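Each chain gets a letter, A, B and so on, in the order its sequence line appears, and its residues count up from 1. No experiment lies behind these values; they were computed from the predicted model shown. Just so you know, these numbers use all the heavy atoms, side chains as well, and skip hydrogens, waters and symmetry mates.
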4 protein chains.
Amino acid sequence: MSAVNPRPRAGNRRDEAARLAVLHAADDLLVEHGFAGLTVEAIARRAGVAKQTIYRWWPSKVEILLDTLIADSEKRVPVPTAPATADVVLGYFRDFARFVVDDPAGRVLLTLVAQAQHDTSAAESFRTRYLAPRRERERDLLARAVDAGAISPRLDLDATLDALIGPVVYRALTGAGGSDDLVTALGEDLLGKP
Amino acid sequence: MSAVNPRPRAGNRRDEAARLAVLHAADDLLVEHGFAGLTVEAIARRAGVAKQTIYRWWPSKVEILLDTLIADSEKRVPVPTAPATADVVLGYFRDFARFVVDDPAGRVLLTLVAQAQHDTSAAESFRTRYLAPRRERERDLLARAVDAGAISPRLDLDATLDALIGPVVYRALTGAGGSDDLVTALGEDLLGKP
Amino acid sequence: MSAVNPRPRAGNRRDEAARLAVLHAADDLLVEHGFAGLTVEAIARRAGVAKQTIYRWWPSKVEILLDTLIADSEKRVPVPTAPATADVVLGYFRDFARFVVDDPAGRVLLTLVAQAQHDTSAAESFRTRYLAPRRERERDLLARAVDAGAISPRLDLDATLDALIGPVVYRALTGAGGSDDLVTALGEDLLGKP
Amino acid sequence: MSAVNPRPRAGNRRDEAARLAVLHAADDLLVEHGFAGLTVEAIARRAGVAKQTIYRWWPSKVEILLDTLIADSEKRVPVPTAPATADVVLGYFRDFARFVVDDPAGRVLLTLVAQAQHDTSAAESFRTRYLAPRRERERDLLARAVDAGAISPRLDLDATLDALIGPVVYRALTGAGGSDDLVTALGEDLLGKP
DNA sequence: TATTAATCGAGACGGTACGTCATGTCTTTTA
DNA sequence: TAAAAGACATGACGTACCGTCTCGATTAATA
């Protein structure tokens with residue numbers, strides 16, 4: 001007979017509840033107390049988890065944030081895989097801008113960009129696990145749009161992406177606000193007409 | 001002429017030698033050990049200065065870096081005040097890109113952008129003491145160029161600046177390299193022909 | 001006759017191989033790394049045994065040491081049961097002194113005396129399982145020797161035992177060396193001539 | 001004008017209040033929770049002192065206990081320097097026995113004897129700082145008594161001391177009680193009549 | 001010409017967090 | 001049912017910095 005509650009706690013294998021508790025605690029602490037308040041001890045305290053459990057599964061707190069960022073940005077700003085019309089492309093960059101500027105989860109992205117400046121291995125992880133794979137798919141998105149004749153960028157694909165994303169991120173990093181119009185204007189300018 | 005002992009330590013007024021020793025120690029430590037190695041204790045040790053002397057004159061180590069950044073960027077990438085031709089304008093942004101990407105002093109700029117994400121008061125200082133005044137002069141530069149008929153930007157002045165500077169900074173932050181061609185292309189595109 | 005697989009691991013009854021592996025691992029670790037290196041984790045690692053197996057059979061590592069001490073001191077310094085002549089009695093105390101001072105197994109005795117100071121339940125076990133039973137037999141040894149007219153102690157039996165054993169143990173505990181002559185002199189003095 | 005109270009708190013030199021707080025906290029914890037409860041963290045907590053302050057001045061908690069033991073045993077069981085009569089000598093050993101058996105401060109002695117078995121450097125410190133100097137003075141006490149014709153020991157001086165102290169310490173270590181009579185009897189026996 | 005006041009190097013202090021280790025309990029899987 | 005394996009919450013370890021403080025010496029401006 002197996003009870004309704006199948007005994008959630010611990011065992012020989014990784015404890016999923018602990019994993020989620022850590023991710024949520026990290027997210028919450030970042031929102032509530034900023035990066036300075038995001039210590040391993042605080043995460044452990046908040047998650048009701050042992051420090052060792054954190055160190056067992058994550059090499060550093062940056063990796064914790066990366067886990068949440070990857071999950072969240074996949075959910076909220078997926079790179080479109082559908083047929084790449086001009087609207088789809090531009091819509092994606094607008095969504096990305098809103099994610100970075102307005103969404104608390106987007107705050108994690110900025111935090112990791114920042115931490116990457118202070119910490120080489122954070123930079124490495126951030127690039128390998130987040131930036132590079134996403135850039136791959138973004139480049140592919142543009143390429144498909146070009147093939148479909150939906151856009152005709154004036155610069156090469158990577159430069160186009162940096163030119164569209166860079167200003168948005170830079171504004172967010174320097175505390176300047178909404179980038180919606182900026183994205184629209186840049187999009188028109190850089191993606192061209194077919 | 002001073003005594004045989006060339007160490008005229010202490011006195012009633014601020015010790016300029018101590019001030020410089022702190023600035024240089026901070027700069028050196030940042031280059032050699034990264035931001036993680038830039039602790040007040042390490043600066044004091046390296047500069048041969050008491051911790052209290054640092055805390056007496058700087059509210060935080062971010063202000064020390066700001067002091068060096070302001071001095072260095074004034075020296076290496078001054079915003080042109082001469083007649084604003086298209087070449088002068090474009091040249092400025094190219095110089096800025098090189099400063100950020102290649103110059104160790106430009107590294108300080110990235111470090112402060114980063115630290116501003118982790119620390120509200122760092123963000124405030126960085127904006128007030130560095131970003132805002134410089135932006136003021138950059139906006140003025142563009143305005144003079146427009147007046148002179150040297151350029152005719154397609155976006156408003158602030159958006160133009162973000163669109164030119166953002167991609168460069170974003171590339172530097174994410175570890176991507178040289179932005180020279182990018183600046184040239186963006187300049188042509190965004191500053192237009194008269 | 002055993003199976004093709006020479007590792008008849010685990011089963012229904014207590015695994016004697018595991019028991020011995022634990023005892024030997026504990027002994028070895030004590031000799032090689034001292035009491036500080038004698039952790040349950042280290043014993044388990046060394047013995048190739050699961051921690052739980054240790055906790056299942058021994059309430060604490062002190063009991064493991066007690067098991068080895070009891071076995072070893074029974075083997076190397078048995079309390080004589082043969083007719084109790086003066087030589088037998090004195091010989092026993094001399095053997096005991098050598099056990100405590102020279103024999104690695106005697107080291108365990110000192111370790112347990114020490115641990116008993118830090119840990120009440122260790123003290124309890126040590127007294128109940130080791131000290132008391134042995135004292136019983138030592139007292140009996142003396143009594144038989146008195147009855148036989150082989151010795152005539154000047155103090156009561158327990159005081160005589162403490163007066164003979166105490167100095168030897170104290171010297172061993174304080175790092176002072178050989179007690180052979182001391183035992184001889186004390187023996188002559190305290191056990192008297194018939 | 002120098003006040004009666006010369007500003008007690010902290011500064012550039014060692015803080016005497018902190019030193020005493022640590023010693024008392026260590027003593028109290030040992031009495032209340034045993035050696036197991038005597039952690040550096042607990043001492044710091046109890047003394048209202050930073051852990052670093054403890055590590056700055058004491059290489060280990062054993063040295064803290066040594067400090068208290070040395071002070072306490074100097075106060076309660078000083079080795080007599082007055083003319084060494086038989087009564088003075090015997091009185092000293094009786095006092096020592098009471099110190100070890102009844103006095104909470106004597107408990108520290110037993111704890112250190114114990115810890116010396118587990119920790120080489122504790123053993124070294126204990127011998128150098130406590131045992132050796134005290135033994136020196138005890139030997140001197142006996143020598144003076146012999147010279148004065150007050151006693152005539154049957155063993156050499158060190159053996160006599162071990163034979164008198166050893167049984168008392170051994171009894172205390174093994175939880176056996178009062179040693180008053182034992183000391184008297186041993187004293188009569190070993191110190192002899194002039 | 002003293003006195004006063006500020007600065008300096010030095011470093012002790014109460015704290016917080018670090019990353020590691022051992023504790024004893026628990027579960028899972030295999031025999 | 002025992003055993004190996006190992007995850008888990010707990011809590012101490014010893015170290016590094018934090019920012020505040022007190023000290024004694026040094027020097028310039030004031031009385």
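- S60(C) is linked by a side-chain contact (heavy atoms from CB on, under 4.5 Å) to V62(C), E63(C), counting only residues two or more places apart in sequence or in another chain.
- Q117(D) places a side-chain N or O within donor-acceptor distance of the main-chain N or O of L173(C), the cut-off being under 3.5 Å.
- Within the 4.0 angstrom heavy-atom criterion, only backbone atoms of the sugar-phosphate kind lie near R14(C); the bases stay farther away.
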Distances under 3.5 Å between protein N/O atoms and the N/O atoms of nucleotides 28-31 of chain F, please, pair by pair.
none

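- Look at CD1 on I43(D): it is 14 Å from C1' on dG14(F), rounded to the nearest Å.
- A close approach under 4.0 Å does occur between a side-chain nitrogen or oxygen of W57(C) and OP1 or OP2 of dA3(F).
- Ring geometry for H118(A) against H118(B) counts as perpendicular: the plane angle is over 60°, on a 0 to 90° scale with 30° as the lower cut.
- Each of T53(D) and S60(C) was assigned the nucleotide of DNA chain E with the nearest heavy atom; the assignment lying further toward the 5' end belongs to T53(D).
- A salt bridge links R129(D) to D67(D): one of the charged nitrogens lies within less than 4.0 Å of a carboxylate oxygen.
- Without hydrogens or angle criteria, Q115(C) side chain to A122(C) main chain gives no donor-acceptor distance under 3.5 Å.
- We find that CG of D15(A) is positioned 22 Å from P of dA5(F), with the value rounded to whole Å.
- A straight line from CD of E63(C) to P of dG24(E) spans 12 Å, rounded to a whole angstrom.
- If you find the closest nucleotide of DNA chain F to A18(A) and to V49(C), the one lying nearer the 5' end belongs to V49(C).
- Using modelled atom types, no side-chain atom of T53(C) and backbone atom of V49(C) make a donor-acceptor pair closer than 3.5 Å.
- The backbone N or O of S125(B) sits nowhere less than 3.5 Å from a side-chain atom of T128(B) that would complete a donor-acceptor pair.
- Between R46(D) and E32(D) a salt bridge is recorded (basic side-chain N to carboxylate O distance below 4.0 Å).
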Stepwise, does the side chain to side chain contact (heavy atoms under 4.5 Å, CB included) test hold for L38(A) with T111(A)? CA-CA 11 Å; L38(A) 190 76; T111(A) 297; 6.0 Å; no
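- Residue E16(B) contributes atom CD, which lies 18 Å from atom P of dT27(F) at whole-angstrom precision.
- Summarising the geometry, the separation between CH2 on W58(D) and C1' on dA12(E) is reported as 13 Å, rounded to the nearest angstrom.
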Protein-nucleic acid N or O pairs under 3.5 Å, nucleotides 16-20 of chain E:
unit_1: dC18(E); atom_1: OP1; unit_2: V40(A); atom_2: N; d: 2.8
unit_1: dC18(E); atom_1: OP2; unit_2: V40(A); atom_2: N; d: 3.2
unit_1: dC18(E); atom_1: OP2; unit_2: E41(A); atom_2: N; d: 2.8
unit_1: dG19(E); atom_1: OP2; unit_2: Y55(A); atom_2: OH; d: 2.5
unit_1: dG19(E); atom_1: O5'; unit_2: Y55(A); atom_2: OH; d: 3.4
unit_1: dG19(E); atom_1: N7; unit_2: K51(A); atom_2: NZ; d: 2.9
unit_1: dG19(E); atom_1: O6; unit_2: K51(A); atom_2: NZ; d: 2.8

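- Between the NE2 atom of H33(C) and the P atom of dC21(E) there is a distance of 15 Å, given to the nearest Å.
- Atoms CG (L29(D)) and P (dA12(F)) sit 11 Å apart, rounded to a whole Å.
- Atom-to-atom, CD1 of I54(C) to C1' of dC26(E) comes out at 16 Å; the value is rounded to the nearest Å.
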